[in-house]
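The structure appears below as structure tokens.
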Amino acid sequence: MISQHDGRGHGDERSETQTAIMEATYRALCEHGYADLTMQAIADEFEKSKSLIHYHYDTKEELLVAFLDYLIDGFLAKVEDTDDEDPRERLDTLVDTLLAGPEKSEDFQVAMLELRSQAPYVEAYREAFSANDAHLRSLLADTVRDGIEAGEFRDVDPDRVAETLLVLVDGARSRSVLFGDSDTVEHTRQTIDGYVRSHLLPDDT
């Protein structure tokens, strides 16, 4: 449960102080990783008092759930202009942005992988990752649905396509972080292109 003071706001509902806490959390994750992350480590990266962090977030767990929310907001900000694109272009933009991931340091990517590994054991993390996953699946499925209505895509199951794309993206990003293999992302992008051509585009395209 998130602190009553926080409200876990999206976008413009997040205060300047909360945004500063999120930025401090990012820096602390880069410096210490998930395993050694403490509220004090975050406070050390925060220009204001530690008590202000505790005013908004009672525990590290609550703060990290809010941080995951902050990351999904950042993703949505990147793709908010794609509504004007046709469904095929919008799908390409979504896939490229997902594969690129947050434009953060390698240390941060490792810390996020550590955090994801805790999801089976920490219900709050599992719920946060599940909510973010559902949001991304909805974006992808709606884009495929729009493509079907526009006659650009075959009459496929949009939810199944969205799930397949996310599995490919998640696998590529995890392997890239685990093994430091940047080619994995490029190869996966090519695989997704092939999947789109064979499963989504009409035969006469």
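Excluded from the calculations below are hydrogen atoms, water molecules and symmetry mates; all remaining heavy atoms, backbone and side chain alike, are included. All residue numbers refer to positions in the sequence shown, counting from 1.
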[X] [atom1]: over 12 foreign heavy atoms closer than 6.0 Å:
| X | atom1 | value |
| --- | --- | --- |
| R160 | CZ | no |
| E47 | CD | no |
| E163 | CD | no |

Can you name the closest pair of heavy atoms from [X] and [Y] and give their distance?
| X | Y | answer |
| --- | --- | --- |
| E23 | Y70 | CG-OH, 3.8 Å |
| I21 | I42 | O-CG2, 4.5 Å |
| L139 | L94 | O-CD1, 4.0 Å |
| P202 | G151 | CG-O, 4.1 Å |
| R189 | D96 | NE-OD1, 2.5 Å |
| A28 | A41 | CB-O, 3.9 Å |

Spacing of [X] atom [atom1] and [Y] atom [atom2] [to the nearest 0.5 Å]:
| X | Y | atom1 | atom2 | result |
| --- | --- | --- | --- | --- |
| M22 | L68 | CE | CG | 9.5 Å |
| D133 | F129 | CG | CZ | 10.5 Å |
| M112 | Q109 | CE | CD | 8.5 Å |
| T184 | F179 | OG1 | CZ | 8.5 Å |
| R116 | R173 | CZ | CZ | 7.5 Å |
| L64 | Y57 | CG | OH | 10.5 Å |

Just by distance, do the side chain of [X] and the backbone of [Y] share a donor-acceptor pair under 3.5 Å?
| X | Y | result |
| --- | --- | --- |
| K60 | L37 | yes |
| S117 | E114 | yes |
| R154 | S198 | yes |
| S138 | A134 | no |
| R90 | T143 | no |
| Q18 | R14 | no |

Sub-4.5 Å side-chain heavy-atom contact between [X] and [Y]:
| X | Y | value |
| --- | --- | --- |
| L113 | Y34 | no |
| D44 | E31 | no |
| F75 | L136 | yes |
| L165 | I192 | yes |
| F153 | D146 | no |
| L166 | L98 | yes |
| L29 | T25 | yes |

Kindly determine whether R88 and D92 satisfy salt bridge (Lys or Arg N to Asp or Glu O under 4.0 Å), including the steps that lead there. CA-CA 6 Å; R88 176 65 195 280; D92 281 341; 3.8 Å; yes

Distance alone, cut at 3.5 Å: any donor-acceptor contact between the side chains of S51 and S49? yes

Thinking salt bridges, do R145 and D159 make one under a 4.0 Å N-O criterion? yes

